[in-house]
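Notes follow once the structure below has been shown.
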Amino acid sequence: MARISYMEAARQALAEEMRRDPLVWAVGEDLGRGGVFGQYRGLVEEFGPARISDAPISEAAILGASVGAAMMGTRPVVEMRFSDFALCAVDELVNQAAKARFMFGGQTRVPMVVREPIGMWRSSAAQHSQSLESWYAHIPGLVVACPATPADNKGMLKSAIRCDDPVVYMEHKNLWPLEDEVPDGEHLVPFGVARTLREGRDVTIVSWSAQVHVCARAAETLAQHRIEAEVIDLRTLWPWDQETVLASVSRTGRLLIAHEAVQVGGFGAEIAAVVAE
Amino acid sequence: MPETPRRNIDIARLRDQHRLMWRIRALEEAALRGLGDKVVLGAIHPSIGQEAVAAGVVGALRRDDILLSTHRGHGHTLAKGASSEAMLRELFGRVGGNCGGKGGSMHIADFEVGMLGANGVVGANIVIAAGAAHAIKLKGEDKVVCCIFGDGAINRGPFLEGLNWAAVFGLPVLFVCEDNGFAATTRTASMTAGGGPAVRARAIGLPAEELDGNDVLAVEDTAQAMIAAIRAGGGPRFLHAKTYRLTGHTGVDTAPYRPADEVAARKREEPILRAADLLRGAGVAEAEIEADRIAAEAEMNAAYDAAIAAPFPGPEAAFLDVQDVGSPALGAF
Ligand SMILES: Cc1ncc(C[n+]2csc(CCOP(=O)(O)OP(=O)(O)O)c2C)c(N)n1
Ligand SMILES: [Mg+2]
């Protein structure tokens, strides 16, 4: 076990996958200087500018070109900089990446990872702070991943790169410096398997991404008041681990969902509906 | 338009193109018949009158080259080598269609012959084509990507983004603007500022040529030269082929927004008649010229009969090929 940051975990994951598979490459604005947050630091030195590729400020082309490159057998890792800017490429993600396999009757796959940093961060206001994970969970064909810890950011990014489906990979900007233990060696986290970080009999708290840490602290506060909360980190919103959540709620009889996104039409509503059903 | 005299017409090549253009025409007539017979349920966008672009450009590609097309892509797809029966099955939503009946006319694709898809979103294929070429360059292959789009598509953002992308990365793509004068019911010129597609392409640094897109030999000659330059590592090129859409925008559009005498004049310049005139002038017998039409119609009639006899996919197909992880086929929905 090594103690590394959420950002360093992702950097290592990408470097390991690029060493393992020469068809993996990354593309996005400013990657040659390490990316806007430094999450690509040092990679161009090892892999060169063709595989850690700069891009013009052309979000539709960054995503759309990656769809074409994925259909031709490479595995692009696409950096969208902020999830807010990925909205300039919604057609390419929703109409093209997500639909190609189905629409063409299984003739192709679109193995790409679309990295979309999300969340409130450094007083960045309305165009640099959104968490739009529920939008993508609504789209058949996409996988939606929201890692909360350094270990998950390593294991989930590696799984995302190996996945044959397009994965919307949402890293929380406030988590970049967070340090924690990450397993040594090959570490892969499967999609659709939640992580129960605290067991408890009184109430189930379901969350993902940065809110998981808020929920963990809240559970400690509750424990001081002799309320034992079970805290579940969903990790992926599509697919989401209904089994773990349903089993927990059937024990506790109470459910609290916490996410950073807008409440109306949020993914929390989907969980509440499934549990109520 | 009188034909410019040519000294060295390659008769065999022209005959092949004449044959292919008739196959495209007959395929689309079969598709329109399918619309009338209510076996085509969705929209179809015929390219009748535009066949020289498909035959000339796509005919200049290698089988392992890559093609991306538009909602008006039947001709391109057939020219790339897709089977006419599989295409009609696809248009009719049947088993054995190129996409298992799930794509239909607007999303037809045949990856076996390097046809990576028509696209229901105008202009969307331009950036995808740039990316397909990007992969070819990363893998060090010598394939070329050909991306065909309409005159309306040059007003969408992906046109700028895709051409710039191909230019800065020096990618092997031939962009072809198949200009039929209309974007749906609107004359494209009325909604397009500046000097047109080739001027825009040159402004981004792509060598670009404009030509008469109903002259199949000119289209093929120019496409061939451009493809050779691209394959030699010269970077992307741009071809603006001017043609005319003889039908409405879709199979049900009667196009009342344009004068009948305009259409009548354009009919006299359509590419199959012009190719036939050249063949006649070069001494090919009338019966042989006619045989190309008859053979094409026979092929498409047989394909039509086979396609309407094919079964529809079962309801389970709606949940297949969505995704591996979280697949709705596993009852997750
Ligand atoms: C992004 C987008 N906007 C609008 C449409 C509706 N639409 C379908 S075809 C078409 C006209 C396209 O004109 P052009 O690019 O010249 O191609 P053509 O139909 O003439 O072959 C329009 C507006 C669409 N499919 N996609
Ligand atoms: Mg047009």
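Chain identifiers are assigned alphabetically (A, B, ...) following the order of the sequence lines, protein sequences preceding nucleic acid strands; residue numbering begins at 1 within each chain.
- The distance from atom CZ of A:R109 to atom CG of B:D321, rounded to the nearest 0.5 Å, is 6.0 Å.
- Heavy-atom proximity under 4.5 angstrom to chain A picks out B:P158, B:E161, B:N164, B:W165, B:F169 from residues 157-174 of chain B.
- For A:T236, no part lies under 4.5 angstrom from a heavy atom of chain B.
- For chain B, the nearby part of A:V27 is the side chain; its heavy atoms alone come within less than 4.5 Å.
- In this structure, the side chain of A:D165 engages the main chain of B:D324 through a donor-acceptor pair within 3.5 Å.
- Taking chain B as the reference chain and counting heavy-atom pairs below 4.5 Å, the highest number among A:I62, A:I57, A:L23 is found for A:I62.
- A donor-acceptor distance shorter than 3.5 angstrom exists from the side chain of A:Q107 to the backbone of B:F111, with no hydrogens or angles considered.
- When A:D164, A:L63, A:T108 are compared by the number of non-hydrogen pairs under 4.5 Å with chain B, A:T108 comes out ahead.
- Between A:P239 and B:G326, the shortest heavy-atom contact is CB-CA, 3.7 Å.
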### Query
Given A:E92 and B:I128, is the side-chain contact (heavy atoms from CB on, under 4.5 Å) satisfied, shown in steps?
CA-CA 9 Å; A:E92 288 70 21; B:I128 299 175; 5.9 Å; no

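- Listed by chain and residue number, A:E199, A:E230, A:I232, A:T244 satisfy the side-chain contact (heavy atoms from CB on, under 4.5 Å) test with A:T196 (two or more places apart in sequence, or in another chain).
- Ranked by heavy-atom pairs under 4.5 Å with chain A, the first of B:A130, B:G97, B:A109 is B:A109.
- Interface remark: of the candidates A:S66, A:A98, A:A69, A:A69 forms the most heavy-atom pairs closer than 4.5 Å to chain B.
- When the heavy atoms of residues 70-78 of chain A are compared with those of chain B, the residues falling under 4.5 Å are A:M71, A:M72, A:G73, A:T74, listed by number.
- Chosen from A:G192, A:P56, A:P190, the residue pairing most often with chain B at heavy-atom distances under 4.5 Å is A:P56.
- Only the side chain of A:W25 comes within less than 4.5 Å of a heavy atom in chain B; its backbone stays farther off.
- Using a 4.5 Å cut-off between heavy atoms, A:D241 makes no contact with chain B at all.
- Of the atoms belonging to A:L142, it is backbone heavy atoms, and not side-chain ones, that fall under 4.5 Å from chain B.
- Chain B forms the most heavy-atom pairs under 4.5 Å with one residue out of A:A61, A:A55, A:A50, and that residue is A:A61.
- In terms of heavy atoms, B:V325 sits closest to A:C163 at CG2-SG, 3.8 Å.
- For the set B:N119, B:I108, B:I136, B:I66, the entry with the most heavy-atom pairs within less than 4.5 Å of chain A is B:N119.
- How far CZ of A:F104 is from CG of B:D110: 11.0 Å, rounded to the nearest 0.5 Å.
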### Message
For A:Q96 and B:V127: C-alpha separation, side-chain torsions, deciding distance, then whether side-chain contact (heavy atoms from CB on, under 4.5 Å) applies.
### Response
CA-CA 11 Å; A:Q96 313 297 335; B:V127 286; over 6 Å; no

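- In this view, A:R19 and A:E46 satisfy the side chain to side chain donor-acceptor pair (under 3.5 Å) rule, not counting sequence neighbours.
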